[in-house]
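Everything numeric in this text was worked out from a predicted model, so none of it was measured.
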Amino acid sequence: MGGPDEQADSFAEQAESASVEQESVEAQWKHAEKKVYSENFGKGAGPEWSHRTVSRTPKGERKFLGPFSEQEVTLNLSCLPDHDEVEVQLELFVLKSWDGNDTTKGPGRWVASVDDGPVLLDATFSNLQASRPGLTGASMKGTLGYRDESGDGSKGYAIYPLSFTFRHTGDRLTLRFADPHRGEANEQWGLDSVKVKVRKKKGGDLLVSNNVNSSVLRYDGKTGDFVGVFIPPGAGGLNNPQELVYGPDGNLYIASFASREVLRFNGKTGAFIDIFVPVGSGGLGFPGGLIFGPDGNLYVADSFGGTNSVLRYDGTTGAFIDVFASGGGLLVPQKMAFDKKGNLFVVSIIGNNVVRYDENGAPFPAAGQPGAIFIPDIDAVTIAIGKDHKLYVGTTAGDDVLRFNAKTGAFIDVFVESGSGGLTDFVDMEFGPDGNLYIPDFLPATVLRFSGKTGNFIDVFVPAGTGANAATLTFMPSKRNKPHGHEAN
């Protein structure tokens with residue numbers, strides 16, 4: 001073990017590495033927000049409020065919306081800009097003798113909720129100094145002229161600054177505020193300083209194929225929380241989904257391996273649109289990898305029972321164009337990636353190599369290699385081009401990710417160590433909107449996240465139990481990002 005100076009350097013390096021990875025995770029969410037509503041009721045309340053009563057406090061004559069008692073008040077906003085998240089800030093005026101969770105006079109409950117959304121708060125409040133947690137979290141209390149009507153030492157009022165952030169995508173928003181019926185109805189409440197902000201993520205949610213029942217599951221792109229079933233089992237004839245890829249039209253294309261088709265689904269709703277590439281088109285056997293090229297056309301790896309080549313289809317109509325790439329060592333093509341010059345890299349499963357073709361589909365081997373062979377003698381299963389323009393190769397032999405020079409094919413390093421984070425069995429990987437590497441681990445049905453800079457394990461982004469046999473994945477694109485295949489955005 002090293003001396004104190006070496007240990008200090010080691011701890012510093014670990015801290016710096018952890019900081020870099022945390023910054024990488026957070027970078028996805030440092031984006032512009034828009035304030036869509038702000039009201040302090042100085043000039044009254046507008047028609048967006050279901051009740052428009054505005055009052056002044058006894059001292060200071062501060063205006064606020066209210067007072068209300070055993071009433072529901074709604075705020076209706078429309079024509080919201082495109083967004084994924086809403087933040088609501090407000091000040092809650094709790095007036096007179098609120099009794100907390102007292103079962104005789106109370107409970108003094110107040111509830112905030114969202115139509116077709118979550119309950120933001122359902123809590124009791126008390127203005128009694130002796131009550132716990134009476135007045136906890138209040139920013140002001142007992143100074144605006146409301147007297148103690150309880151005889152129990154009430155402060156007469158308190159103001160609570162509240163903030164709620166929740167998932168929301170629609171162009172309309174209805175917020176509901178209410179104090180349910182209780183034992184005594186002498187409590188009142190009001191609102192002030194209401195602000196509503198919306199945010200749009202840089203990248204969208206994560207989609208993961210479920211090969212047990214041929215469905216696609218959706219997870220929050222920020223937290224990894226399960227959102228719901230994006231494509232129901234077997235929709236449109238989906239059977240054993242392989243590659244998931246978004247097209248230039250914003251729709252989702254899936255290689256349906258067992259039905260031998262490429263299916264198209266609405267990229268926002270998951271609704272089935274059509275069979276984009278039908279059975280046998282261009283000699284297609286069983287589709288494996290999919291990718292949209294720089295020309296906007298769809299490239300399909302014809303993996304088994306067909307042409308043993310990469311087929312090209314019109315990116316708008318799905319019509320067969322040509323056999324784009326074949327031979328040169330290609331045997332059972334699977335995952336693909338384009339570099340920035342338009343060269344196509346293909347995993348050759350049975351050939352145990354990675355092959356490369358130029359923008360015209362001609363074999364483009366690494367120096368000293370025959371045919372189209374770029375990286376020889378490697379049990380490759382998936383590939384991706386990183387932001388650093390290096391070629392990343394996932395292998396079955398080591399269950400690891402290796403990094404290569406994408407120009408020469410020279411080995412650089414082991415980017416993700418074998419077994420890192422519990423990695424055991426995978427056939428896909430993708431760099432996410434935050435620049436980190438996401439790998440679906442098939443047998444535990446998890447999605448693991450690794451630093452896009454260091455390859456170090458960050459976390460289990462999607463834990464076991466929320467999906468089944470996570471085989472392939474992709475991120476839903478934002479409007480700012482051009483849809484693509486396995487090249488990092």
S.K.: Please list, chain by chain and in numerical order, all residues satisfying ring pair (Phe, Tyr, Trp, His ring centres under 6.0 Å) with Phe411, sequence neighbours excluded.
M.R.: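 Partners of Phe411 by the ring pair (Phe, Tyr, Trp, His ring centres under 6.0 Å) criterion, ordered by chain and then number, come out as Phe404.
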S.K.: When you measure from the side chain of Ser418 to the backbone N and O of Gly398, does any donor-acceptor pair fall under 3.5 Å?
M.R.: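 Flag set: sc Ser418 to bb Gly398 pair under 3.5 Å.
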S.K.: Would Met336 and Glu243 count as a side-chain contact (heavy atoms from CB on, under 4.5 Å) here? Give the steps.
M.R.: CA-CA 10 Å; Met336 299 175 287; Glu243 190 86 85; 5.9 Å; no
S.K.: Determine, stepwise, if the pair Lys34 / His83 fulfils side-chain contact (heavy atoms from CB on, under 4.5 Å).
M.R.: CA-CA 9 Å; Lys34 295 181 180 178; His83 63 282; over 6 Å; no
S.K.: Considering residues at least two apart in sequence or located in another chain, which fulfil the ring pair (Phe, Tyr, Trp, His ring centres under 6.0 Å) criterion with Phe324?
M.R.: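 With neighbours one apart ignored, the set is Tyr299.
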S.K.: Would you check if the side chain of Thr446 reaches a backbone N or O of Pro463 as a donor-acceptor pair within less than 3.5 Å?
M.R.: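 No, the answer is negative, given that no donor and acceptor are paired below the 3.5 Å cut-off.
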S.K.: Measure from the side-chain N and O atoms of Ser256 to the backbone N and O of Asn239, and report whether any donor-acceptor pair falls under 3.5 Å.
M.R.: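 Looks like yes, one N/O pair under 3.5 Å.
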S.K.: Do any N or O atoms from the side chain of Asp205 and from the backbone of Gly221 form a donor-acceptor pair under 3.5 angstrom?
M.R.: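 Checked: pair present.
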S.K.: Backbone N or O of Gly452 within a donor-acceptor pair of the Asn436 side chain at under 3.5 Å?
M.R.: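 Confirmed, Asn436 side chain pairs with Gly452 backbone.
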S.K.: Does Asp339 come within less than 4.0 Å of Arg356, counting only side-chain N to carboxylate O?
M.R.: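 Arg356 and Asp339: not salt-bridged.
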S.K.: May I ask you to test the Leu75-Val88 pair for a side-chain heavy-atom distance under 4.5 Å?
M.R.: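 A side-chain contact under 4.5 Å is absent here.
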S.K.: Quick one: list whatever passes salt bridge (charged side-chain N to carboxylate O under 4.0 Å, His left out) with Asp122, sequence neighbours left out.
M.R.: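 Asp122 satisfies salt bridge (charged side-chain N to carboxylate O under 4.0 Å, His left out) with Arg109 only.
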S.K.: Between atom CG of Asp388 and atom CD1 of Ile412, what is the distance when rounded to the nearest 0.5 Å?
M.R.: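 Separation between the atoms: 7.0 Å.
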S.K.: Are Tyr357 and Phe364 close enough that their ring centres sit under 6.0 Å apart?
M.R.: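 Ring centroids of Tyr357 and Phe364 are no less than 6.0 Å from each other.
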S.K.: Look at atom CG of Asp377 and say whether more than 12 heavy atoms of other residues, nucleotides or ligands are closer to it than 6.0 Å.
M.R.: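 At most 12 heavy atoms, drawn from other residues, nucleotides or ligands, come within 6.0 Å of this atom.
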S.K.: Using 30° and 60° as the class limits, which term best fits the ring planes of Trp110 and Phe177: parallel, tilted or perpendicular?
M.R.: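 Ring orientation of Trp110 relative to Phe177: parallel.
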S.K.: Kindly write out the residues that satisfy side-chain hydrogen bond (donor to acceptor under 3.5 Å, both in side chains) with Ser348, not counting sequence neighbours, or none if the list is empty.
M.R.: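 So Ser348 forms a side-chain hydrogen bond (donor to acceptor under 3.5 Å, both in side chains) with Asn353.
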S.K.: Please assess Phe265 against Phe272 for the test side-chain contact (heavy atoms from CB on, under 4.5 Å), listing each intermediate value before the final yes or no.
M.R.: CA-CA 4 Å; Phe265 297 83; Phe272 175 68; 3.7 Å; yes
S.K.: Tyr246 side chain to Gly267 main-chain N or O, any donor-acceptor pair under 3.5 Å?
M.R.: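 Pair found, side chain donor or acceptor close to backbone of Gly267.
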S.K.: Please find the pair of heavy atoms, one from Pro241 and one from Thr472, that lie closest to each other, and give the distance.
M.R.: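 Where Pro241 meets Thr472 most closely, the heavy atoms are O-OG1, 4.5 Å.
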S.K.: So, Ser451 side chain and Lys453 main chain: donor-acceptor pair closer than 3.5 Å or not?
M.R.: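 A pair under 3.5 Å: yes.
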S.K.: Keeping the roles fixed (side chain from Asp302, backbone from Gly285), state whether a donor-acceptor pair exists under 3.5 Å.
M.R.: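 Checking the backbone N and O of Gly285 against the side chain of Asp302, a donor-acceptor pair under 3.5 Å is found.
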S.K.: Check for a donor-acceptor pair, side chain of Asn210 on one end and backbone N or O of Ser215 on the other, with a separation under 3.5 Å.
M.R.: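 No, the answer is negative, given that no donor and acceptor are paired below the 3.5 Å cut-off.
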S.K.: Looking at CG of Leu121 and CG of Leu92, how far apart are the two atoms once the value is rounded to the nearest 0.5 Å?
M.R.: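 Answer for the CG-CG pair, Leu121 versus Leu92, is 8.5 Å.
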S.K.: For the pair Ile231 and Ile254, evaluate side-chain contact (heavy atoms from CB on, under 4.5 Å) and give the outcome as yes or no after the intermediate values.
M.R.: CA-CA 11 Å; Ile231 297 176; Ile254 303 179; 3.6 Å; yes
S.K.: Run the ring pair (Phe, Tyr, Trp, His ring centres under 6.0 Å) test on Tyr253 and Phe292 for me, step by step, so that the C-alpha distance in whole Å, both residues' side-chain angles and the decisive distance to 0.1 Å come before the verdict.
M.R.: CA-CA 10 Å; Tyr253 295 75; Phe292 278 89; 5.0 Å; yes
S.K.: Using 0.5 Å steps for rounding, measure from the CG atom of Asp225 to the CZ atom of Arg167.
M.R.: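 So the CG of Asp225 and the CZ of Arg167 are separated by 9.0 Å.
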S.K.: Considering only heavy atoms from C-beta outward, does the side chain of Thr165 approach that of Arg199 to under 4.5 Å?
M.R.: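 A side-chain contact under 4.5 Å exists here.
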S.K.: Can you confirm whether Phe415 sits close enough to Lys390 that some side-chain heavy atom of one is under 4.5 Å from a side-chain heavy atom of the other?
M.R.: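 With C-beta onward as the side chain, the pair stays apart.
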S.K.: Return the OG1 to CD1 distance between Thr408 and Ile375, rounded to the nearest 0.5 Å.
M.R.: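 Rounded to the nearest 0.5 Å, the OG1-CD1 separation comes to 9.0 Å.
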S.K.: Run Thr174 and Asn76 through side-chain hydrogen bond (donor to acceptor under 3.5 Å, both in side chains) and show every step you take.
M.R.: CA-CA 5 Å; Thr174 297; Asn76 294 283; 2.8 Å; yes
S.K.: I need the minimum non-hydrogen distance between Ser420 and Phe457, along with the two atoms involved.
M.R.: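 Shortest heavy-atom separation between Ser420 and Phe457 comes out as OG-CB, 3.5 Å.
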S.K.: Any chance you could measure Thr424, atom OG1, to Asp441, atom CG, to the nearest 0.5 Å?
M.R.: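 One gets 3.5 Å once the value is rounded to the nearest 0.5 Å.
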S.K.: With sequence neighbours left out, write down each residue that passes side-chain hydrogen bond (donor to acceptor under 3.5 Å, both in side chains) with Thr269, or none if nothing qualifies.
M.R.: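 Residues passing side-chain hydrogen bond (donor to acceptor under 3.5 Å, both in side chains) with Thr269: Asn266.
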S.K.: Which distance, rounded to the nearest 0.5 Å, do you find between the CG of Leu90 and the NZ of Lys195?
M.R.: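 Here the rounded value is 9.5 Å.
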S.K.: Under the side-chain hydrogen bond (donor to acceptor under 3.5 Å, both in side chains) test, which residues partner Glu39, sequence neighbours left out?
M.R.: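 Here no residue qualifies.
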S.K.: Kindly say whether the aromatic ring centers of Tyr219 and Phe461 come within a distance under 6.0 Å.
M.R.: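 When the ring centroids of Tyr219 and Phe461 are compared, they turn out to be at least 6.0 Å apart.
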S.K.: Taking Ser214 for its side chain and Asn240 for its backbone only, find out whether a donor-acceptor pair lies under 3.5 Å.
M.R.: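 Checking the backbone N and O of Asn240 against the side chain of Ser214, a donor-acceptor pair under 3.5 Å is found.
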